[in-house]
Each structure stands twice: as C-alpha cells, then as structure tokens.
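One structure is given here, and the rest of the page talks about it.
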Amino acid sequence: MSEPLLTVENQRTAFATGRGLVRAVDGVSFTLERGRTLGVVGESGSGKSVLSRSIMRLLPPNARSSGEVRLGGRDLTAMSEKALRALRGPEISIVFQDPMTSLNPVMTIGAQIGEVLTRHLGMSRKAAKARSVELLASVGLPQPDVRVDQHPHQLSGGMRQRVAIAIAIACEPALLIADEPTTALDVTVQAEILDLLARQQAERNMAMILITHDMGVVAGRCDDVAVMYAGRIVEQASTEDLFRDTRMPYTSALLASIPRLDDPPHRKLEAIAGRPPDLIHPPAGCAFSPRCRYADDLCRSQPPALEDAGRGHRFACWRPMTMEAAE
Amino acid sequence: MADITPDRLEGSSAGAPDDNADAIASHNRKNRLGLGFWIPLAWLAVVVAAAVFADFLGLFPADEIDWMHINEGPNDAHILGTDHLGRDMLSRIIYGARVSLTVGFAAPLIGVGLGLVLGILAGYYKGWVDEVIGIAIDTWLAIPGLVILLLFSVVFGGSLGMVCLSLGLLFIPTAARITRAATLNHSNREFVLAARAMGASDFRILTVEVLPNIIWPLIAFVLIDIPIAIVIEGALSFLGLSVKAPTPSWGGVIAEGREHLEGSPHISLIPTAVMFMTVLSFNLVGDAIRKRLADVRDGAI
Amino acid sequence: MRYLFRRFQRLVVVMVSVTFLTFLLVNVLPGDVAYEMAGMDSSEEEVQAIRDELGLDRNVVLRYLDWAGGILTGDWGASFINKEEVWHALAQRFPVSLELMLLAQLIALSLAVPMGLISAYRPGGRADRVIGTLAFASVSMPSFMTAILLIFFFSLHLGWLPATGYEPLSAGLWENLRPMILPALALGLVEWTVLMRTLRAEMIGVLQENYIALARAKGMSDARILLVHALRPSSFSMITLLGLQVGRLMGGSIIIEQIFGIPGIGRLLVHAVNTRDFIMIQGCVTLFAIAFVTANFLVDIAYAWLDPRVRLERARG
Ligand SMILES: Nc1ncnc2c1ncn2[C@@H]1O[C@H](COP(=O)(O)OP(=O)(O)OP(=O)(O)O)[C@@H](O)[C@H]1O
Ligand code: SF4
Ligand SMILES: [Mg+2]
C-alpha cells in the first residue's frame, strides 16, 4: 500500500508562558488519504487550531513542538523554512475561522489572490489577475471582475470567506485545512460555504481537514471524524461508525448537543457540564474524568490509551459505552 | 476564541517540549537592572555632585580670563584645557551643569504641574471648559516650541527662573492631554460616582479619588521630559537666548567653541561629549525606571 | 462632512488665537521700534511722527484686527526696518526652509523605516537591541550638537562638504544639494528615532494579525510579508507623527539655519526678533502656524491613501 498523503505521528505542541507550559497538542497521531475528508471536532480550546498550525509548521516562537508530520512522503518537521514556504500554497493551504481579520485590509482582493499565483506558479501579473477573476467566479462570488479590484471591507463576511477559499485553492493543493470556516458567519451562509468547500474538494481531488466544534457540520461532509479533547484525539472512526457506535462518553456528549430536525422547537441544547481541563496541570488520569459521569478510580488515576477496536475505530476510554448506553 | 497567530516572523522553534525553566529565566533577566542602568546612574551622580559642590572643589573661577593660556588643550593645570579667553573648561562645564540640571528638573515639574491642573479641569468638567482648554492647547502646539522660547526670552529676559518657566510651558500640552484622558477614564468609575453620591466636594474628589490614579503616567512623563528639557535649554543657550553671558551653560560653551573648531576643537567637543553622556544617562535611567514602574503596577493589579 | 466642518471651525479658531497671541507677545517686546527707525540723533517729535504713522499708540486689539484684515486681503504688511514687503521676504525664504525640512524628513524616514522593520521582525533579538541602543544615542544628541560634530568631521577634518552657505537650485541640483547635506543630516539624525519606535511598536502588533498568518500560510517570504503586507497597515501612527513633527522640525531649522548660515525663515525670524521688526516676526510665526496646520492636513490625505476604508468614507462625503 502506498503511503498516505498525510501522516501525523505523535505530534506534541506546547507553549512556554509565564504561568507554565501549556500542552495544547499532546501526542496526536493520524493519517489522511488523498482526496478524503477528516473532520476534527472538539470544544473550544481543545487544540484544533494548534494542531492545524503544527501541521503547517506555522507556530509562534514560544511554541515547543515535537513529533513527525509527513506530507506526500516528506517530513515537514525536518524541512527548512524556505522549503516549507514552497509547499505552503501548492501542497497545503488553510482557510481561517474569521474572514473579517484574515484578509489584508489595505490590499485589493486581486492582489491577495494574485500573489499566490505569481509566487508559486510563476504567472505574470496580468495572467495572475485574469486567473484571480476565474477563481473568484468558481467560488461563486458575484461580479468577480469588479470585486477583484475591491478591498476586503467592501465585501460581506460570506463573500470574504469565499475569497479566502479562492486563495486557498489557487494552486490546487493536495491538502486543504479549513479551521472552523463557518463559525463566524451567518447561519444562512454557513451551509453555502460548506457546500462550496465540498464541491471544490471533489473537483480538485483535494484532501481536507475540516475543523469544527459542531458535530452537525461533520455529519454529512466527512469520511472520518476525530474527536479532540485536551490536546488529544479521544475517539476516531468513520463518520458512520462514530455516529452509530459511539464509544467515548465525551463524543456522546458532543453528539447530544446537535440540534436535530425532529427536535421540538426551542429545545435547549445539552451543554457539556463542567469546565475544560487546565492544560498546564492536566488531570492525572483520563482528562475527561472530572466531567464524566462514568468516571471511576481507574479513570482518575490512569490515562486510557487510544486503542483500535477494529475497522479503524479508535477510542481512549476505560469504560467505553455500548450502543444501548449511547441511546 | 484562542486563535494562535505567530507574534513574530520566525521559523517554528523545534525541539521537545521540555520544562519552562529557560522561558521564566529569560523573563527574570529582562527585568533585572543591569549595567545599562547602573553606569548611567553613576555618571549622573557624579555630575549632580559636582554641580552641587562646585564651590568646594577648588576649581578656577568659571569666568576668570587668562590671556596667557588661551585655547590650551588638556594639561596639568587645566585638566580639560582652556577656552578662547583662557577660562578653565572643567570649571565652566561644572558650573554649566548647574544651569542644565536646574532647568532639567524644574521645567518638567512646572509643565507637568500646570498640565495636570488643566487636564483635570478639562477631563472632570468636560463641556465648554474642555473645549476652551482644548483650543488653548492646539494653539500652543501650532507655534513651534523654539519660536515661543525665542519670543519669551526677548520679552522676559534670560534669568534662570524665566528659562525654567518658559521651558516648562512647553510641556503643558502633552501633560494636559495625558491627565485629561486619565481623568475622563477615572471620573466615571464606581468609586468616584460613589464619592459624589455621598456629597464629596469636587476638590476632594479630584485630589483624593482621581489624582492618585493618574500620578503614575505623569511621573513616567516627567522622567521622559528631563533629558528633553536639558536638550532644549542647550539649544537655547547655544543661540544665546538662555541665561545671560558670563554664567556658563553647556550650550553656550559649545557655541563659543564653534569659532575655534579648526584649531582647538576641544572647546566644543568636550562639553558636547559631557552633555551627550548626561542626556543619554537620563534617557537610559528614565527608561529603566519607567519599565520598573510599569512592572510594579502590572504586578500589583 | 460634519466632522470635517467641525475640524475646520476649530482650525480657524486656532489660527486666530495663534496669531493674536503672537501679536500680543510681539507687542510687549522691549525696545521701541520707532526709536530705531528714526535713527540715533532724532528728536522726540520725529519719533512720535513715526509712531503715529505706524499707529503704534493705538489699542492692540484694533491693530490686530487691522493686521488680520490685511492678511485676509493678501497684504502681510512691510518691514518696519527696511520696508521690505513681508510677503515678499517670506516667499523668498520659505522654499529654502522647506527644502531643508523635506530633506531632513527624507533622511529620517529612510533610516526609520528599515530600522523599524528590522526591529519589529524579531523584537528582543540582537538587531532590535542594537537598533534600540542606536536610537537612544540618537535622541540624546540634539541637532546643534550633531551639527558641530558633522562640521568638525566632514568639513574641517575631511573637507568633503562645506560648513556654511547656500546655493539656489538655479545653480544646479548638486550645487544646491551639497551645502544642504550636513544641515539636513543634523536635523534628520534626531528625528528618525521617534518615527522608528512608533513604526516598530505598531508593526509588532500588525505582525500578530490573522492576515499576516494567512500570508505566511500562502508561502510568502518574510521580506514580502514585511514590505508588502505589514508596512502599510503599520504606518498610521508614524504618518500622524510626521505631521506633528513639523513643529519640532521648524524649531530645529531655526538653529540649523543659524549654524550653517542658510537664508531660510528661521534666520529671518531670529534677525527680526533681534531688530524688533514686529510685523516681520508676526509674518514668520503666522507662516509657521500655517505650515504646521497644512502639514497635518496633508497627513489626513496620506491616511486616506493608506487606508482604503478612509478613502471610501471620503468618496461618500
Ligand atoms: N501562542 C500561544 N501561547 C500560549 N497558549 C496558546 C497559544 N496559542 C494557543 N494556546 C492555547 O492552546 C490551547 C488550544 O488552543 P486552540 O486555539 O488550538 O483551540 P481550538 O480547539 O482551536 O479552540 P477554538 O474552537 O476556540 O478555536 C488553548 O488553551 C490556548 O489558550
Ligand atoms: S476513561 Fe473514564 S473518565 Fe474517561 S471518558 Fe472513559 S469513562 Fe469517562
Ligand atoms: Mg481554533
């Protein structure tokens, strides 16, 4: 079997802060095949963004990182900054959460797309501009030939996110990371953007990591789902398995918070009780144990390992739930 | 949302996540007062001491003309040499320090004092008081400082007191703005509203509740202004518009030496060096103290 | 629009109070211009005649109104001393001072921008610390001291550049620039530090923005990120400062023109003060104030160029 597109091996990322070392990503491993979509789900602060920046090797100076990230057979952790720059754009790209702040306010839309094309594809400025208009059209931006000369503040949030997507797909990367691409947008626009991402991914045969804290987003759109808690993957499976055969109590709590179509209106979402763990002094055993209603002494003293229960369904729990319990 | 963004452009620092000892150590190192603080402080101590005790140092009189020894370089009798009238350079520099230091300390205090009053009035009473003071400050700012000083020096003459006062006036606008902003900020806080509700007088509220809260930024401001005042006084006396002639001042001595730069450069260059070191020292020491004040305040809150 | 109108109102009030304040100050200048004009051996009657002619005995406010009315109709008055038209004198000297200040600001900017970029690139790094130290040394070195050192070194020691003098542009560009280099350096070498520090501080903030992270994710080089992505959004405070600095620059040019014998407004002013030439002093200060206000208006325009959001508001009115 050929090597998967992306292999992340025991990635750890911690930040040195005044209060101590924040272990934001704490031993994450997974693989992603070409053209497939992996959903990464978790509460705010669970380390999703840090994981995506670790994959892109875009970490702030106070970050300590270890582990291995291989993209198409190359170990990114061993590459020079210069070599990495050549990969960012043509091989791997990212769409950020907040389209309001992720575009440069003083540069035109065209300049922001065009520079990727001139930098990586060696296009002339003129060709880059023409291509930018095409890209804007392909992400469904109305009047692309007008918009290309405008500045970000002249566009709505949804339109800006389309621009950000156009930038990300400009060089047809093998891997696209979408870090909560719709969280900052109106509900009505969210589905459109997600559909756009799915369409582009299919057309260009990109692999995608779709980061979200919303299980509902993952449901119809990902091949596999990884659930993160306190910097670790606590459960991972094909989307179908994960929804049908939830093993980890935290996953089940996340699932319980999705609004369903058949819910009575105004049903209160079941928020997960308790606070996310302290990443500087994590709990001794299972990180979820302070909030888990099944926790026992073993849970509180020994961390459970992430184990494969067959068919690629992995979870880390001493007392996995059965199907009935999840019901 | 805790989106991470690189806070500077640098390759990611690879390496295993180990303990945070070095991060904390480097944090501490930054806050310790190093040689960059103590050496300038020592220099300032020497300058201040020399200026204060000038009369007991057994120096040549600063204005004693000696035609037999003009334009002499440093020698045994005159450690720093003599000027074009044979006057002792060391003595002129030390007595000149008196002028520079007096102006350096007095002018910022005067300016900040007056700015404080105006700023508090503007920030506390707002409305037309604020408007009038605002216009006054804009007016003041639209005239170059040196022009004001030029006119003042001709109108009011060059006594040391007048120099301090007119120079102090230049520091009013910024001090007033800082105070106004801080007062606006504080006069709506709960403790002020509470005091007012309990019937405290405006004066009491301003001095007891507001003043202590705005004193820190002003102290920092005075620290910045000391070297600036020394520099401006230097410029004034260089133009001959500061204290009157026989009284030596650094700018004046430098200006006198200008004519003799070719043959006896020491007359200008030595006071230039002394003034440079003094101003630099005030800048360095002031900066270190300001950082300290900020740390203490941040730690306290 | 309302905002612009309010600003303009305020501007007018400031101009009036600046000129009136100078008028008052100038009028209490000791010494009687009438005596000086009449000459040493003139009778009391002759002096009084001059006073009457100039209206010196009239109320200050009335005389101010006269003068202000003159300014509004383009009549700046004539020197008491040599009858030279004030407007003419100013028009002749102003370009000289302007050139000096522009060159100085150019030098300051061409130091401040690269140094600020390098400092902000790795705050706390070696380059940042070296530049920080340099900046401390520079602010501690007022322009008249720099001028002395420059003259000593480049004029007397090396003999490369003249220590004094001025050549009009008609004498040729290089002939005109040559004597301006040292004066402009003396002025610019103080001013760059404030600009640099402001740029550095703002840029450190901008470099943490999401759009910079995205630029990195796009594979842009550090140099391109600094120059193309970060510089413009980082220069707002620095541009504002450029306007405010004009005041300091004008003050500095008075000294520098004096030291280097440059026939600009500064020299004109010092001469006018020494000869108690009221009307000329008044003209110089008014011109300074106008220049200051204009410079800050230009800064507003620069803002609009830097920030498309402002530009749009302007277009809408
Ligand atoms: N530069 C940094 N320095 C210190 N701690 C950081 C830094 N960046 C992130 N963290 C911490 O790392 C943890 C994980 O953050 P991350 O942004 O990955 O969360 P997330 O899962 O993306 O959350 P969200 O859904 O809110 O985006 C958080 O506790 C955050 O405070
Ligand atoms: S290991 Fe124990 S505490 Fe952790 S999720 Fe499983 S049951 Fe809950
Ligand atoms: Mg995130």
Side-chain angles (χ1 to χ4, degrees), chain A residues 49 52-53 55-62 81-109 111-121 149-154 160 163-164 166-168 170-171 173 176-177 179 184, chain C residues 113 117-129 199 202-240 301-316:
Chain A
S49 295
S52 65
R53 309 272 174 120
I55 295 172
M56 291 208 75
R57 313 310 299 165
L58 281 175
L59 291 168
N62 68 333
E81 184 56 33
K82 188 158 181 269
L84 282 170
R85 277 205 293 269
L87 290 187
R88 295 183 192 130
E91 297 286 323
I92 179 171
S93 65
I94 189 164
V95 175
F96 286 132
Q97 170 171 342
D98 186 1
M100 294 301 174
T101 59
S102 58
L103 296 179
N104 193 319
V106 303
M107 290 172 74
T108 62
I109 304 297
Q112 298 189 56
I113 306 177
E115 66 176 359
V116 191
L117 301 166
T118 46
R119 159 85 173 88
H120 294 294
L121 306 182
D149 290 321
Q150 292 188 329
H151 286 91
H153 69 275
Q154 292 161 287
R160 288 191 216 186
V163 172
I167 292 174
C171 299
L176 173 67
I177 303 178
D179 188 352
Chain C
V113 172
L117 283 172
I118 295 170
S119 275
Y121 178 57
R122 281 169 198 194
R126 183 181 309 222
D128 183 30
R129 276 175 295 158
L199 177 65
E202 198 162 349
M203 181 167 272
I204 289 175
V206 164
L207 287 179
Q208 299 190 37
E209 293 284 346
N210 277 335
Y211 57 81
I212 298 297
L214 186 65
R216 298 190 71 201
K218 293 198 295 195
M220 296 298 130
S221 68
D222 287 359
R224 185 173 170 90
I225 288 177
L226 286 173
L227 291 170
V228 179
H229 289 256
L231 182 56
R232 240 169 84 185
S234 305
S235 22
F236 292 101
S237 311
M238 190 179 72
I239 298 286
T240 311
I301 295 179
Y303 248 81
W305 173 77
L306 277 174
D307 188 344
R309 279 161 297 191
V310 178
R311 207 184 298 165
L312 190 76
E313 274 156 32
R314 261 167 209 268
R316 285 196 190 125

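Note on naming: letters A, B, ... go to the chains in the order of the sequence lines (proteins, then strands), and numbering restarts at 1 for each one.
Closest heavy-atom contact between A:P105 and C:Y211: CD-CE2, 3.3 Å. For the pair A:S102 and C:N210, the tightest heavy-atom approach, listed with the atom from each and the gap, is CA-CB, 4.0 Å. Minimum heavy-atom separation, C:R216 to A:L58: CB-CD2, 3.6 Å. Taking all atoms of both residues into account, the shortest heavy-atom contact from C:V228 to A:M107 is CG1-CE, 3.9 Å.
Taking chain C as the reference chain and counting heavy-atom pairs below 4.5 Å, the highest number among A:E115, A:R119, A:Q150, A:H120 is found for A:E115.
Legend: residues meeting salt bridge (charged side-chain N to carboxylate O under 4.0 Å, His left out) with A:R88, ordered by chain and number and at least two apart, are A:E81. A search for salt bridge (charged side-chain N to carboxylate O under 4.0 Å, His left out) contacts involving A:R85 returns C:D222, not counting sequence neighbours.
Between the CG atom in C:L214 and the CG atom in A:D98 there is a gap of 12.0 Å [rounded to 0.5 Å]. Rounded to the nearest 0.5 Å, atoms CD (C:E209) and CG (A:L103) are 12.0 Å apart.
For A:I94, the parts lying near chain C are the backbone and the side chain together; criterion is any non-hydrogen pair under 4.5 Å. In this structure, no portion of C:V206 lies under 4.5 Å from any heavy atom of chain A.
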